[in-house]
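A quick write-up on the structure given underneath.
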Amino acid sequence: MPDVTLTAEAGRETGSSSTRRLRSQGKIPGVVYGHGADPIAVSVVAREFQIAMSGEAGLNTLLTLEVGQQNFLTLARDIQHHPFRNVVTHVDFLIVSRDDVISAEIPINLVGEPVEVQHGDGIVDQQLFTLAIKAKPADIPPSVDIDISGLTIGASLHVSDITVPRGVELETDPEATVVAGQPPRVQATAEEEAEAAGITVEAAEAAPTDAADDAESSEG
């Protein structure tokens with residue numbers, strides 16, 4: 001996975017007023033840290049950061065951060081967003097080494113057509129959307145695929161059914177369910193109602209017995 005070069009400006013002032021001023025200038029405050037280096041307060045141009053992160057690798061894009069005369073190989077982590085506006089308000093740049101094995105999360109893509117589920121008007125219920133892995137930075141895949149073409153109603157596919165590239169180690173439980181074939185919503189609702197009705201009938205049948213027992217106790 002190739003890295004993207006991003007220029008960062010060091011020596012920014014800290015504090016809420018300075019941070020607001022940076023954001024009004026179209027910049028994002030951040031900090032560079034890791035690998036025993038002293039943290040460096042930086043800022044990057046928001047548009048350049050968005051372009052850098054818009055590639056196939058997404059949040060796992062390797063960034064060569066140019067800070068003055070220094071270059072750092074980094075990953076963007078702990079990206080904070082404004083609560084109401086879709087803008088980044090702060091980002092941490094974690095310094096990494098190409099030889100280090102690090103943790104990451106990657107998206108899971110469903111591929112293939114679940115013919116039997118579709119013919120039965122069933123529902124493809126994806127329950128896990130990201131996969132936790134460990135790998136060297138350059139070996140982190142943009143995403144992984146799971147083939148659902150053989151999925152049937154009542155069956156499920158698990159993390160162990162995903163093939164990961166060489167050099168990638170799973171951290172997510174292999175038994176975790178990724179996707180399940182669910183019955184049609186109408187059928188599921190009918191079954192739930194029938195189950196509820198069954199409980200009601202049992203309760204109703206039990207009530208006269210309880211009443212009779214109370215009566216016998218009184219006569220005794």
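Predicted model only: the values in this text are computed from it and were never measured.
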Once rounded to the nearest 0.5 Å, what's the spacing between atom [atom1] of [X] and atom [atom2] of [Y]?
X	Y	atom1	atom2	answer
Ser156	Gln127	OG	CD	7.5 Å
Ile28	Glu48	CD1	CD	10.0 Å
Leu22	Thr89	CG	OG1	12.0 Å
Tyr33	Asp78	OH	CG	7.0 Å
Thr163	Asp145	OG1	CG	10.0 Å
Glu113	Leu151	CD	CG	12.0 Å

For the residue pair [X] and [Y], what are the closest heavy atoms and their distance?
X	Y	answer
Val42	Ala10	CG1-CA, 4.2 Å
Lys27	Ser43	CD-OG, 4.2 Å
Ile133	Leu170	CG2-CD2, 4.4 Å
Ile123	Pro183	CD1-O, 3.9 Å
Val96	Pro137	CG2-CG, 4.1 Å
Asn60	Ala104	OD1-CB, 3.6 Å

Grouping I, L, V, M, F, W and Y whenever their side-chain heavy atoms are under 4.5 Å apart, do [X] and [Y] come out in a common cluster?
X	Y	result
Leu63	Ile95	yes
Val45	Phe72	no
Leu157	Ile162	yes

**Request:** Decide side-chain contact (heavy atoms from CB on, under 4.5 Å) for Val159 and Asp173; before the verdict, give the C-alpha distance in whole Å, the side-chain angles of both, and the deciding distance to 0.1 Å.
**Result:** CA-CA 7 Å; Val159 168; Asp173 181 0; over 6 Å; no

With a 4.5 Å limit on heavy-atom distance, are the side chains of [X] and [Y] in contact?
X	Y	answer
Thr177	Leu128	no
Leu131	Val164	yes
Val67	Phe93	no
Val31	His90	yes
Arg98	Asp3	yes
Asp92	Leu94	no
Ile146	Asn109	no

**Item:** Greater than 12 external heavy atoms within 6.0 Å of Ile102's CD1
**Value:** yes

**Prompt:** Heavy-atom count around Gln25 CD within 6.0 Å, excluding the residue itself: above 12?
**Reply:** yes

**Audit row: Val178, Asp161, side-chain contact (heavy atoms from CB on, under 4.5 Å) steps and yes/no** = CA-CA 9 Å; Val178 177; Asp161 295 308; over 6 Å; no

Checking the side chain of [X] only, and the main-chain atoms of [Y] only, is there a donor and an acceptor separated by less than 3.5 Å?
X	Y	value
Thr61	Met53	no
Arg23	Val88	no
Thr172	Ala132	yes

**Asked** Is the closest side-chain donor-acceptor distance between Asp147 and Ser149 under 3.5 Å?
**Response** yes

**Prompt:** Do you see a donor-acceptor pair shorter than 3.5 Å between the side chains of Thr130 and Glu105?
**Reply:** yes

**Verdict with reasoning, Ile148 to Gln126, per side-chain contact (heavy atoms from CB on, under 4.5 Å)** = CA-CA 10 Å; Ile148 61 172; Gln126 185 172 0; over 6 Å; no

**Message:** Between Leu6 and Thr74, is the side-chain contact (heavy atoms from CB on, under 4.5 Å) condition met? List the steps.
**Reply:** CA-CA 10 Å; Leu6 183 65; Thr74 68; over 6 Å; no

**Request:** Could you give me the CA-CA distance, side-chain angles and deciding distance for Asn71 and Thr64, then say whether side chain to side chain donor-acceptor pair (under 3.5 Å) is met?
**Result:** CA-CA 6 Å; Asn71 288 347; Thr64 295; over 6 Å; no

**Complete:** Exactly one of Lys134, Glu171, Glu169 clears side-chain hydrogen bond (donor to acceptor under 3.5 Å, both in side chains) with Ser103, and that residue is Glu171

